[in-house]
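In what follows, a single structure is set out as structure tokens and then discussed.
Computed over heavy atoms, backbone and side chain alike; hydrogens, waters and symmetry mates excluded. Note that ligands are numbered from 1 as they come in the structure, with each ligand's atoms numbered from 1 the same way. Along the sequence shown, the residues carry numbers beginning at 1.
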Amino acid sequence: MNPEEDVLHVEGGKPLNGTIKVRGAKNFVSKAMVAALLAPGKSVLKNVPEIRDVHVVSDLLRLHGVEVDVDGANGIVTIDASHVQLADVADVDTLSGSSRIPILFSGPLVHRLGEAFIPALGGCNIGGRPIDFHLETLRKLGATVDKEHKDGIHITAPNGLHGAKIHLPYPSVGATEQTLLAAVLAEGKTELSGAATEPEIMDLVCVLQKMGAIISVDVDRTFRIEGVKELSGYTHTSLTDRIEAASWASAALATHGDIFVKGATQPGMITFLNVFRKVGGKFEVTDKGIRFWHPGGDLHPVAIETDVHPGFMTDWQQPLVVALTQANGLSIVHETVYENRFGFTKPLVQMGATIQLYRECLGSLPCRFQQRNYKHSAVIFGPTPLTGRDIDVPDLRGGFSHLIAALAASGPSDVHGISLIDRGYADFRGKLAALGADFD
Ligand SMILES: CC(=O)N[C@H]1[C@@H](OP(=O)(O)OP(=O)(O)OC[C@H]2O[C@@H](n3ccc(=O)[nH]c3=O)[C@H](O)[C@@H]2O)O[C@H](CO)[C@@H](O)[C@@H]1O
Ligand SMILES: C=C(OP(=O)(O)O)C(=O)O
């Protein structure tokens, strides 16, 4: 898009009030689409949001010869993976830079074709985001990984993939999904300990089980996968996007608003809802969704640490920080998942927020980033009035935070690079209009 057109002009200072609908989870839907590659047949995914990541994964699948039909209006994606081929690497490269999903094609492509090329990955720039756990997992399952190939990382398995005992040094969401997607068709049993168990991962397990896989999970976050010989297509309805729901909840708090998020569900949000309540926000869970509102009066400061599930999600952190600039006192956020996720606070400070970053672990436990040179703790002092200004969107959640800040601020703001938000927030312009925001 022309950078001059990729701007949202916001007149802030109006509470966001009204009802919006949130569909399926960005961090599940893309993985379920990759899972469809494992079966030579048709899969149907429902409650799919109209976000750019869905189009990126659809196009990647199409480059591999897979038929994909996206019915955006009804949120239904139909995938027929009867035919799969290696894609032209140059084509894949142009798409892959916008998403982290191509690495997850490894196992399914090796099963279907005997080899896979993994191009450069994209995704939010919030840390180094290495893929060493992914590659080590694939090696343990019997793959040969050639990182020097001119067309990207080349993965082969001359003797097929076989079960293995794998331990993740950190409960990585992507590496857990990598193992599941590769082990379901591997010969024999795989034990994956130290795994992540995010609700989006458990929904992927549901999809794989529908397809014919045998997967169990122990209380100590160990998955046991018994490889099967073949899988068939699935029909599945995605769980709701709990990151989008929490983002709108934070927007309600920051703007003194009242937002009913249709489709939001409580189970994956329990930790967020506890924090929302401690900050002073009100919510009401109903059968149709969750209503979030600012009840008036002071908001309260909190000390939180981001963590893997069931901890406070790192992706909830950025939008909530904007609301914390309006809380009465000192809040602390210790980011333990990504080493570099506070870059978005600089424009907030320029808008009037008081936020100080620290290299120390300002939490109950030292994290992996202790004694390393990363500013991964934030102290936020509030309440501070925010004033509108020009902002450049740095990443998906940071960008949504800037949007919330612009809506909460007095005066106008120009938010540049706004289309980045389309990667994870379906029709956010339509939703802003439904909530009475003043923008063009
Ligand atoms: C598309 C998707 O689902 N994205 C989500 C996924 O990202 P993603 O799956 O990329 O995140 P991970 O859970 O893998 O990353 C967590 C941490 O592990 C590290 N790590 C990861 C893999 C690896 O091979 N080596 C390694 O060191 C990362 O640098 C990071 O510090 O989970 C994150 C944590 O909930 C979310 O913020 C992202 O929104
Ligand atoms: C970090 C995120 O996504 P991705 O892994 O796709 O970059 C996110 O959704 O906040």
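Looking at K26 next to ligand 2, an N or O pair under 3.5 Å apart turns up. Inclusion of D53 in the set of residues having an N or O under 3.5 Å from an N or O of ligand 2 is not warranted.
Of all the heavy atoms of V173, the ones lying under 4.0 Å from any atom of ligand 1 are found in both the backbone and the side chain. With a 4.0 Å heavy-atom cut-off, ligand 1 is reached by the backbone of F133 and by its side chain too. With a heavy-atom cut-off of 4.0 Å, M313 does not touch ligand 2 at all.
Ring centroids of W248 and F428 are separated by 6.0 Å or more, keeping the two rings apart.
Of the protein's non-hydrogen atoms, R129 NH2, 3.7 Å is the one closest to atom 8 (P) of ligand 1. Of all protein heavy atoms, the one lying nearest to atom 19 (C) of ligand 1 is R368 NH1, 4.0 Å. The nearest protein atom to atom 25 (N) of ligand 1, hydrogens excluded, is given as D132 OD1, 2.7 Å; this is a heavy-atom distance. Looking only at heavy atoms of the protein, atom 9 (O) of ligand 1 is closest to G174 N, 2.8 Å. Protein heavy atom nearest atom 37 (O) of ligand 1, with residue, atom name and distance: D315 OD1, 2.6 Å.
Within the structure, ligand 1 lacks E136 among the residues with a heavy atom less than 4.0 angstrom away.
Counting only non-hydrogen atoms, the option in P130, A25, G127 that gets closest to atom 28 (C) of ligand 1 is P130. Residue nearest to atom 10 (O) of ligand 2, selected from Q317, R397, R423: R397 (by heavy-atom distance).
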From CA spacing to verdict: side-chain contact (heavy atoms from CB on, under 4.5 Å), Q318, F400: CA-CA 8 Å; Q318 290 162 297; F400 195 83; over 6 Å; no
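Note on K346 versus D392: no salt bridge recorded, every NZ/NE/NH1/NH2 to OD/OE distance being 4.0 Å or above.
For the pairing with D53, the side chain to side chain contact (heavy atoms under 4.5 Å, CB included) check across K26, M33, R100 returns one residue only, K26.
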